[in-house]
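Remarks on the structure that follows.
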Amino acid sequence: MNDLSDDYAGAGFGRALEWGASPAVLVVDMVRAYFEPGAELYLGSRDCLASAGRVVAGARAAGVPVVVTRVEYAPGGADGGLFYRKVGALRHFDRGAPGGLGDFMPEIAPADGDLVLTKQYASAFFGTSLAATLAARRIDTLVICGVSTSGCVRATAVDAVSSGFVPIVVREAVGDRDPRPHEASLFDLEAKYAEVWDEARVLAVLQQVPITDANGR
C-alpha cells in the first residue's frame with residue numbers, strides 16, 4: 001500500500017482539502033436494512049453505526065447542522081429508474097414495504113432541527129435539494145458518515161466536491177459488506193475526491209466550531 005500511495009502522490013493525487021468555516025454532518029442511509037441480521041443488505045457489523053452516532057452527538061453538542069438521508073420509492077420502484085432495476089434489494093425501500101427496513105437506526109435517528117432527506121439514487125445530491133439547502137446555510141464542509149462506502153457514501157462524496165463542498169469522510173463511521181470494496185473506496189476517495197479522517201480528529205474539530213444560527217450567521 002505504501003508503494004501505491006507513493007505512486008499516487010508522485011502523480012499529484014491526494015493533496016489536502018482544508019476543513020472550512022461552516023460544517024454540516026451528513027449521515028447516509030443508516031437504516032435497518034443494513035444492520036438487521038438476515039436482511040438482504042445486512043453489512044455484518046454495527047461498528048460504523050456506533051461511530052456515526054458519536055459523530056452526530058458531537059455535532060449536535062456543537063450546534064453543527066445534521067442531515068440524515070434515507071431511500072424510499074413509490075411502490076414497484078416507479079421513481080427508481082435503472083438504479084432500481086440494477087439493484088434488486090432496493091425493493092425493500094418501496095413505500096409501505098413490510099419489515100420496516102427503511103426505518104432509521106436509533107443511534108442516528110433524526111432529532112428536532114435535523115434535516116431529513118429522501119433520495120432515490122446513490123448520491124444524496126442527485127435529484128434532491130441538498131446542494132441548495134447547504135448553500136443557503138453557507139455550509140462549506142460536509143462531514144460524511146453512512147453506508148455503503150463503495151456505494152452511496154462514495155457517490156455522495158464525489159458529488160459534494162463537484163458541488164463545491166469539502167467532503168470529510170469519517171473512516172470509522174462508514175461501512176460496507178466486505179473490506180475489499182470498503183478499503184479500495186476509501187483509498188480512491190482520499191486520492192481524488194475527499195479527505196478521510198479518523199473519528200477522533202473529527203470530534204476534536206467539531207468541538208472547536210463556533211455555533212451559528214439556521215441562516216449560517
Side-chain angles (χ1 to χ4, degrees), residues 24-53 55-56 65-137 139 142-160 162-163 165 167 169 173-178 181-182 185 189:
V25 169
L26 176 65
V27 182
V28 179
D29 300 350
M30 286 190 137
V31 298
R32 283 185 55 205
Y34 298 98
F35 302 101
E36 186 83 16
E40 200 168 5
L41 290 169
Y42 179 51
L43 296 179
S45 171
R46 297 168 65 98
D47 291 348
C48 64
L49 178 61
S51 176
V55 173
V56 168
V66 174
V67 183
V68 186
T69 78
R70 58 177 295 180
V71 175
E72 184 178 84
Y73 297 103
D79 51 354
L82 296 177
F83 185 44
Y84 187 93
R85 289 166 57 185
K86 181 68 174 177
V87 183
L90 293 178
R91 70 188 184 281
H92 297 297
F93 299 129
D94 282 9
R95 192 177 307 118
L101 294 179
D103 294 346
F104 290 115
M105 296 300 292
E107 290 87 342
I108 56 82
D112 290 343
D114 292 349
L115 173 65
V116 178
L117 193 72
T118 299
K119 64 188 184 73
Q120 284 78 43
Y121 292 89
S123 171
F125 286 89
F126 187 82
T128 75
S129 61
L130 180 59
T133 299
L134 297 176
R137 294 201 62 169
I139 300 298
L142 201 57
V143 178
I144 302 174
C145 309
V147 295
S148 64
T149 315
S150 61
C152 296
V153 169
R154 186 183 189 282
T156 296
V158 171
D159 277 0
S162 301
S163 301
F165 305 100
V169 177
V174 295
D176 217 311
R177 60 192 299 120
D178 188 277
H182 172 75
S185 295
L189 283 167

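Count residues from 1 along the sequence. Computed from a predicted structure; not experimentally measured.
- A donor-acceptor contact shorter than 3.5 Å links the side chain of Y73 to the backbone of Q120.
- Nearest heavy atom pair, residue C152 against residue A122, reads CB-O, 3.3 Å.
- When every heavy atom of S163 is checked against every heavy atom of F125, the shortest pair comes out as OG-CD2, 4.1 Å.
- Nearest approach of D29 to V147, heavy atoms of both residues: O-CG2, 3.3 Å.
- At least one donor-acceptor pair closer than 3.5 Å links the side chain of T128 to the backbone N or O of L130.
- A side-chain donor-acceptor contact under 3.5 Å links D114 to the backbone of A111.
- Between the OH atom of Y34 and the CG atom of D176 there is a distance of 9.5 Å, given to the nearest 0.5 Å.
- With values rounded to the nearest 0.5 angstrom, I108 atom CD1 is found 12.5 Å from S51 atom OG.
- A173 approaches M30 most closely through the heavy-atom pair O-CE, 3.7 Å.
- Although no hydrogens or angles enter the test, the distance criterion places no donor-acceptor pair under 3.5 Å between the side chain of R137 and the main chain of L134.
- R32 CZ to L41 CG: the interatomic distance, rounded to the nearest 0.5 Å, is 13.0 Å.
- The two residues A124 and T69 come nearest to each other via the heavy atoms CB-CG2, 4.0 Å.
- Atom CG of residue D79 and atom NZ of residue K119 lie 12.5 Å apart, to the nearest 0.5 angstrom.
- Residues Y84 and D94 bring a donor and an acceptor atom of their side chains to less than 3.5 Å of each other.
- Separating the CG atom in L43 from the CG atom in L49 is a distance of 9.5 Å, to the nearest 0.5 Å.
- Side-chain N or O atoms of S148 include none that pairs as donor or acceptor with a backbone N or O of G175 at under 3.5 Å.
- Here the straight-line distance linking atom CZ of F93 with atom OG1 of T118 works out to 12.0 Å at 0.5 Å rounding.
- What you find for A52 and C145 is that their closest heavy atoms are CB-CB, 3.9 Å.
- Annotation: side chain of T156 is in contact with side chain of I144 (closest heavy-atom distance under 4.5 Å).
- Between F126 and Y121, the two ring planes are perpendicular [angle over 60°; tilted spans 30° to 60°].
- Counting only heavy atoms from C-beta outward, the side chains of E107 and R46 approach each other to under 4.5 Å.
- A salt bridge links R91 with E40; the closest basic N to acidic carboxylate O contact falls under 4.0 Å.
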